[in-house]
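Report on the structure given below.
Side chains are part of it too, since the values below use all heavy atoms of this structure and drop only hydrogens, waters and symmetry mates. Every number for a ligand or one of its atoms is a count from 1 in the order of the listing. All residue numbers refer to positions in the sequence shown, counting from 1.
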Amino acid sequence: MGMVGQLNHRGLAELAKVYGGLCHLKVGQVHMVAVSTADMARQVLQAQDNIFSNRPATIAISYLTYDRADMAFAHYGPFWRQMRKICVTKVFSRKRAESWASVREEISSLIKTIDSKVGSPVNIGEIVLGLTKNITYRAAFGSMSQEGQGEFVKIMQEFSKLFGAFNIGDFIPWLGWIHGQEFHKRLARARGSLDGFIDKIIDDHINKKNNKNCKDDDFVEVEDDMVDELMEFYDENGAKDDQKSSISITRDNIKALIMDVMFGGIETVASAIEWAMAELMRDAPSPPSDPPPPPRDGPDTVVDGYKIPAKARVMINAWAIGRDESAWTEPNTFKPSRFLDNGAPDFKGSNFEFIPFGSGRRSCPGMQLGLYGMELAVAHLCHSFNWELPNGMKPNEVDMNDLFGLTAPRAVQLVAIPSHRLNFPLF
Ligand code: HEM
C-alpha cells in the first residue's frame with residue numbers, strides 16, 4: 001500500500017527495469033499485473049485476447065456508468081458486442097458525415113480565433129482542449145443544445161475527479177465504511193446532475209423525432225447528432241423490437257455511452273495535439289507521450305509461465321512499451337522519420353511496440369475519428385502560423401513533464417506566439 005503513489009506509468013516502468021516485462025503487485029486485496037514490454041503485451045492482448053477481454057471497474061466507475069451500462073466497462077459478451085456495433089457502424093462511423101463535418105468546422109473556427117491573436121501569447125493547451133470539447137459536444141448533442149456546454153463540462157470534471165479518487169474500499173472492501181457514506185453521497189450527486197442534464201436532451205430528441213414524423217409545416221430540418229442515432233434503438237424497458245432490430249437500449253445506456261464518448265474523445269485528442277506541437281517546437285527532442293490504457297481483467301490464466309490470478313488488474317503500460325530499449329533505437333528521441341522506414345511499426349494494434357490505441361477486441365473504436373481531428377488540427381496549426389516561444393524561452397527549455405491520468409497530459413500547458421506564415425490573408 002505504501003507504493004500506491006508510485007504506481008503510475010513512470011513508476012511501473014522503473015519496476016519493469018528491475019523485475020521484467022510482467023510484474024505482479026498486491027495492493028490491499030487486489031492483484032495487479034503491470035505489462036511493460038511488447039512481447040508481454042502481445043501475449044496478453046493477442047494470444048489471450050479472449051481471456052483478458054473485460055475491464056475491472058472501481059466502485060466509482062460501476063456507479064457512474066449506471067452499473068456498466070456503457071461500452072468501455074461493459075462485460076465482454078452479447079451486450080458489449082451490440083453496443084460496440086452501434087458505435088462502430090452508426091456513431092463513430094466514417095459514414096456519419098456530421099461528426100466529421102463538425103471536426104472541420106470547429107478547426108476552421110479555431111484558426112480564425114488564433115488569427116485574431118497573432119503577435120500575442122496563445123495557450124495552445126487550453127485552446128485545443130476547447131476545440132475537442134466543442135467537436136465532441138456538438139457531435140454528441142448537435143447544435144440544439146450548445147448553450148448547456150458550461151454546465152456539462154462541470155459535470156464531467158466532477159466525474160473525472162471521482163473516477164480518479166483513491167477509495168480504500170476498492171482495495172480493502174471491509175474498510176469501505178471509512179469514507180464510504182460521504183463518497184457515495186458525492187457519487188449520487190454527480191450522477192443526479194448528469195440525469196438532470198441528459199434526460200432533458202433525450203426528451204428534446206424524442207420531441208424532435210415526433211415532430212419529424214408529423215411532418216409539420218413549421219418543421220425545420222436539423223442535422224442528426226449521436227443522440228439521434230442512439231434514439232433509433234431506444235426502448236425505455238430495453239425490450240426487443242424485432243421489426244426494427246434486435247438491439248434496444250435504455251436511457252441509462254444512452255447516458256453512459258455519451259460519457260464514454262466524452263471521456264474517450266476529448267482529452268485524448270487534445271493531449272495528442274498539444275504534445276505534437278510541443279515536440280515540434282523543441283530542438284532537444286524527447287519521445288511522444290502515449291496514454292497508459294485502461295486496464296483489463298479476466299479468469300485465472302498463465303502468461304509466459306506465470307500464473308495470473310482471476311480478476312487481477314492487468315495494466316498495459318503503453319508508455320513504457322513505446323520506450324522499451326529492446327524494441328526501439330534511441331527510444332527517447334522524438335524522430336517521426338523513423339516511421340517512414342520500410343517495415344516500421346504502425347499504430348493500429350498489430351505491432352505491439354507501439355499501441356497508443358490498444359489492441360484486440362477492446363481496442364479503441366474511435367481511432368479514425370480521433371486521428372482525423374488530431375492530424376487536421378496539427379496540419380492547420382503548422383500550415384497557417386509560425387510559432388515562437390514566449391519571453392525569450394529557448395526550445396530546450398520547454399517543460400516536457402507529464403501528469404498521471406487517463407492520457408498522461410502535459411504538466412505545464414504549452415504557450416506560444418503565432419505569426420502569419422502565409423503571405424495572403426487566411427480569411
Ligand atoms: C488520440 C486519440 C485516442 C487515443 C490515443 C485513444 C486510446 C484508447 C485506448 C488505449 C483504449 C483502450 C484499448 C484497449 O484496452 O486495448 C481506448 C478505448 C476506447 N476509446 Fe479511445 N482513444 C482515442 C480517441 C477516442 C475517441 C475520439 C473516442 C470516441 C469518440 C474513443 C472512445 C473509446 C472507447 C468507447 C473505448 C472503449 C472500447 C471498449 O472497451 O470496447 N477514443 N482508446
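Close contacts between ligand 1 and Pro294 involve ligand atoms 12 (C) [criterion: under 4.0 Å to a heavy atom]. Every atom of ligand 1 is numbered from 1 in the order shown, and the set under 4.0 Å from a heavy atom of Gly358 is 10 (C), 13 (C), 14 (C), 16 (O). Listed by number with element, the atoms of ligand 1 under 4.0 angstrom from any heavy atom of Pro293 are 10 (C).
A salt bridge is defined here as a Lys NZ or Arg NE, NH1 or NH2 lying under 4.0 Å from an Asp or Glu carboxylate O, and Asp402 with Arg10 meets this definition. Between Lys208 and Asp204, none of the side-chain N atoms (NZ, or NE/NH1/NH2) sits under 4.0 Å from a carboxylate O, so this pair counts as no salt bridge. Between Arg138 and Glu105, at least one side-chain nitrogen of the basic residue sits less than 4.0 Å from a carboxylate oxygen of the acidic one, meeting the salt-bridge criterion.
Of the N or O atoms in Arg361, none lie within a sub-3.5 Å distance of an N or O in ligand 1. Considering backbone and side-chain atoms alike, Arg296 places an N or O below 3.5 Å from some N or O of ligand 1. Considering backbone and side-chain N/O of Gly264, one or more are found under 3.5 Å from N/O of ligand 1. An N or O contact shorter than 3.5 Å links Trp80 to ligand 1 by distance.
When non-hydrogen atoms are compared, ligand 1 lies under 4.0 Å from neither the backbone nor the side chain of Phe73. Only the backbone of Pro356 comes within contact range of ligand 1, with a heavy atom under 4.0 Å; no side-chain atom does. Of the heavy atoms in Ser359, only backbone atoms (N, CA, C, O) come closer than 4.0 Å to ligand 1.
Using a 4.0 angstrom heavy-atom cutoff, Met83 does not count as in contact with ligand 1. The shortest separation from a heavy atom of Met374 to ligand 1 is not under 4.0 Å, leaving the residue out of contact.
Cation-pi contact between Arg323 and Trp319: present, with separation from the ring centre below 6.0 Å and deviation from the ring axis of at most 45°. Under a cutoff of 6.0 Å and an axis angle of 45°, Lys112 and Phe427 form a cation-pi pair.
In this structure, Asn167 contributes its side chain and Asp170 its backbone to no donor-acceptor pair below 3.5 Å.
Tyr66 and Arg251 share no side-chain donor-acceptor pair at under 3.5 Å. If you check the side chains of Asp252 and Thr250, you find no donor sitting under 3.5 Å from an acceptor. Judged purely by distance below 3.5 Å, without hydrogens or angles, the side chains of Asn50 and Ser53 never pair a donor atom with an acceptor atom.
With distances taken over non-hydrogen atoms, the option nearest atom 34 (C) of ligand 1 out of Pro365, Ala272, Gly366 is Pro365.
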